[in-house]
Protein chains: 2
Amino acid sequence: MTRQFLADPFGVPVAPAAEVAPPRVRGTKLGINVVQQIVNDIVRGVLNPGSTLPPEADLCDQFGVSRTVIRESVKVVQEKGLVRIEHGRGTQVTDPRQWNLLDDVVLTAIIAHDANLSFLDELVATRTALEADMAATAAVSRAGEEKLRISAALELMRSKINNVAEFAAADAHFHDMVMAASSNRLGRAIVNSIHDKARGSMRYHGEYNEAVMRRTLDEHQAVHDAIMAKNAEAAAAAMRAHITGSWSRRRPVPETDAPAAATRRQATR
Amino acid sequence: MTRQFLADPFGVPVAPAAEVAPPRVRGTKLGINVVQQIVNDIVRGVLNPGSTLPPEADLCDQFGVSRTVIRESVKVVQEKGLVRIEHGRGTQVTDPRQWNLLDDVVLTAIIAHDANLSFLDELVATRTALEADMAATAAVSRAGEEKLRISAALELMRSKINNVAEFAAADAHFHDMVMAASSNRLGRAIVNSIHDKARGSMRYHGEYNEAVMRRTLDEHQAVHDAIMAKNAEAAAAAMRAHITGSWSRRRPVPETDAPAAATRRQATR
DNA sequence: GCAGTGACATATGACATCGTACCTGTGACG
DNA sequence: CGTCACAGGTACGATGTCATATGTCACTGC
């Protein structure tokens, strides 16, 4: 149908920037754009829950792709819980409570649209609860080999204090090793799927300078020591203080009065 | 949600020639069978991580459906994180750490294949950590209306003590209201997506008799009272004791010595 | 007047066929 | 020995056709 713009009659030349509607970069699949746009329209509220999406034919016209791509894309969006396809009736946007909030595309769209950071606060609160619990479990775990990896991860961080990028990677690795020591694959998977988003979205308010890295290192040391001492309560408290403290120091604007759960309970345990 | 019937796996042997069984029930879509079977084959280990799925043409022949259905189904499986489709190279089974463990189909398949209940233990541990934390947050929340709903939910449970099915529904509703009072939509969504699976799987043991219901009621009352008293620590402890205790009483076989995280830490806080 | 029925429009479900793009191995060629 | 062209296998995408589910509405029969 409308594929001529990429049918390159003379071979080599790169696509000129003339094409406005279809970027169509080499290597990208058409469905990804369709899925992202539909997800964004739903999350941003352009398409309200209960309303119906345009029929497949209209979407084909709107996105300039074939019905094959539209069908697969809408099915993917359904898999994310954002719409419900009904044979003969159309496709309806579902209630937000049914959305798969851990899905990468959905999570990214929600965070990007999260004006007052309330969702990021919930995300940090969830991560705090899980990691604190897993740190406590790791402290009383009998898996000695896993604990050695925690110590190794801490040493790795210390050695990367001069390289911001590698330090950040070692930071994440330390957290992952703690979770691995707890043998809770489910909790580990959940945290890992939301970890990057939380970090990448906190605007690097307080840049990763040496003071921040040293503080991070100290807090990790506290977690490490509590785990090695087999002190579950101390491990949980240290991990909780580390995550909530780190978040409150980086959070762009101070909390308003919304019932954000992340930063308030640091002292209650 | 999607009503999924757990396809009874025909044991281990390879599909005999009699696979040409297209019951083709009115109203069922072809894709869900394909998705379920592929997911089951991966979770059960018939398809190992790193191995490649048969090409689309072969899958068409194997399942007796068109390439359209195969393409959509494999794409759905990819969305669940179980495979990675690569243009020109084929479809490979991914590492289990990348699986979306909260997906309905995946979760059901994993639990069905969870011989020593280790995954259910992790599931309960995760749920415990999240719900205990949310109960604590609810205790210090200023949302008065939400707290009234918790009290109402408790009364509803009390009134349904003579109806097992309705009591179970009221039970779940009470938990949901506590989570709602914490304003943590993410945590609530995570717990709700794993709640049914945990409950449904612990059924064959410890029938829901009146003694169990009364004990559940008492434990819920303790959670309720702690929240109303704005005592975060007590609320978390009560919720933790309730969930882990309920699980340990229902768990079919006693824990071995595997590092299961669910039942050990009841007393550490 | 009203319930049942059937035609019709509209929507998604499924199939078959064709061409394109991508990756990899292989062998000819310089 | 290295490089390039080509073939084979794979997934990607378009198109056309038919099947099936659903809602609407006029028509029919009581």
Side-chain angles (χ1 to χ4, degrees), chain A residues 1-15 19 21-36 38 47 50-79 82-94, chain B residues 2-3 20 22-36 38 47 50-79 82-94:
Chain A
M1 183 174 164
T2 57
R3 294 278 307 286
Q4 298 82 0
F5 42 79
L6 66 93
D8 183 17
F10 292 114
V12 195
V14 278
E19 348 167 333
R24 194 66 182 108
V25 190
R26 272 173 56 108
T28 66
K29 292 158 201 151
L30 292 179
I32 295 180
N33 292 332
V34 179
V35 170
Q36 263 196 357
I38 294 176
L47 296 168
S51 65
T52 62
L53 258 64
E56 292 176 348
D58 292 12
L59 289 175
C60 294
D61 205 52
Q62 178 178 335
F63 288 99
V65 297
S66 73
R67 194 166 161 245
T68 308
V69 175
I70 292 295
R71 276 186 56 76
E72 289 181 352
S73 300
V74 175
K75 197 154 191 170
V76 167
V77 176
Q78 177 183 236
E79 206 62 20
L82 272 59
V83 299
R84 180 178 53 252
I85 306 174
E86 291 177 65
H87 192 170
R89 305 212 316 160
T91 304
Q92 298 180 347
V93 180
T94 59
Chain B
T2 51
R3 263 321 148 239
V20 197
R24 195 65 183 99
V25 187
R26 279 169 56 104
T28 67
K29 292 160 196 131
L30 293 179
I32 66 174
N33 290 335
V34 178
V35 170
Q36 266 197 357
I38 295 177
L47 296 168
S51 65
T52 62
L53 257 62
E56 293 177 347
D58 292 12
L59 289 174
C60 293
D61 205 53
Q62 179 178 336
F63 288 100
V65 296
S66 74
R67 203 174 74 90
T68 307
V69 175
I70 292 296
R71 273 185 56 76
E72 290 180 350
S73 300
V74 175
K75 197 154 190 170
V76 167
V77 176
Q78 178 183 236
E79 206 63 19
L82 271 61
V83 300
R84 181 180 52 252
I85 308 174
E86 288 177 67
H87 191 170
R89 306 213 313 161
T91 303
Q92 298 181 347
V93 180
T94 59

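Every chain is numbered from 1 and lettered A, B, ... according to where its sequence line falls, protein lines coming before strand lines. Every heavy atom of this structure was used, including side-chain atoms; hydrogens, water molecules and symmetry mates were not. No experiment lies behind these values; they were computed from the predicted model shown.
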Are [X] and [Y] close enough that some pair of their side-chain heavy atoms sits under 4.5 Å apart?
{"X": "Ser73(B)", "Y": "Val77(B)", "value": "no"}
{"X": "Val34(A)", "Y": "Ile70(A)", "value": "yes"}
{"X": "Lys75(B)", "Y": "Val76(A)", "value": "yes"}

Output yes when at least one side-chain N/O atom of [X] is less than 4.0 Å from OP1 or OP2 of [N], else no.
{"X": "Thr91(B)", "N": "dT10(D)", "answer": "no"}
{"X": "Arg89(A)", "N": "dT10(C)", "answer": "no"}
{"X": "Arg71(B)", "N": "dC12(D)", "answer": "yes"}

By nearest-heavy-atom nucleotide on DNA chain D, the more 5' of Val69(A) and Ala57(B) is Ala57(B)
Whichever of Gly88(A) and Gly88(B) has the more 5' nearest nucleotide on DNA chain D, that residue is Gly88(B)
Just how far, in rounded Å, is [atom2] of [N] from [atom1] of [X]?
{"X": "Gln78(B)", "N": "dC12(D)", "atom1": "CD", "atom2": "C1'", "answer": "13 Å"}
{"X": "Glu72(A)", "N": "dA11(D)", "atom1": "CD", "atom2": "P", "answer": "13 Å"}
{"X": "Ile70(B)", "N": "dA14(C)", "atom1": "CD1", "atom2": "C1'", "answer": "12 Å"}
{"X": "Arg67(B)", "N": "dA14(D)", "atom1": "CZ", "atom2": "P", "answer": "12 Å"}
{"X": "Arg84(A)", "N": "dT22(D)", "atom1": "CZ", "atom2": "P", "answer": "13 Å"}
{"X": "Ile32(A)", "N": "dG13(D)", "atom1": "CD1", "atom2": "P", "answer": "8 Å"}
{"X": "Asp61(A)", "N": "dA11(C)", "atom1": "CG", "atom2": "P", "answer": "14 Å"}
{"X": "Lys29(B)", "N": "dA11(C)", "atom1": "NZ", "atom2": "C1'", "answer": "13 Å"}

Nucleotide of [options] approaching [X] most closely (side-chain heavy atoms):
{"X": "His87(B)", "options": "dA14(D), dA16(C), dC12(D)", "value": "dC12(D)"}
{"X": "Pro55(A)", "options": "dT12(C), dA11(D), dG13(D)", "value": "dT12(C)"}
{"X": "Ile85(B)", "options": "dA21(D), dA11(D), dA16(C)", "value": "dA11(D)"}

Let me know which of Thr91(B), Asp61(B), Leu59(B) forms a side chain to side chain contact (heavy atoms under 4.5 Å, CB included) with Pro54(B).
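So the option named by the test is Leu59(B).
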Partner of Val93(A) under side chain to side chain contact (heavy atoms under 4.5 Å, CB included), chosen from Leu82(A), Leu47(A), Ile38(A)
Leu47(A)
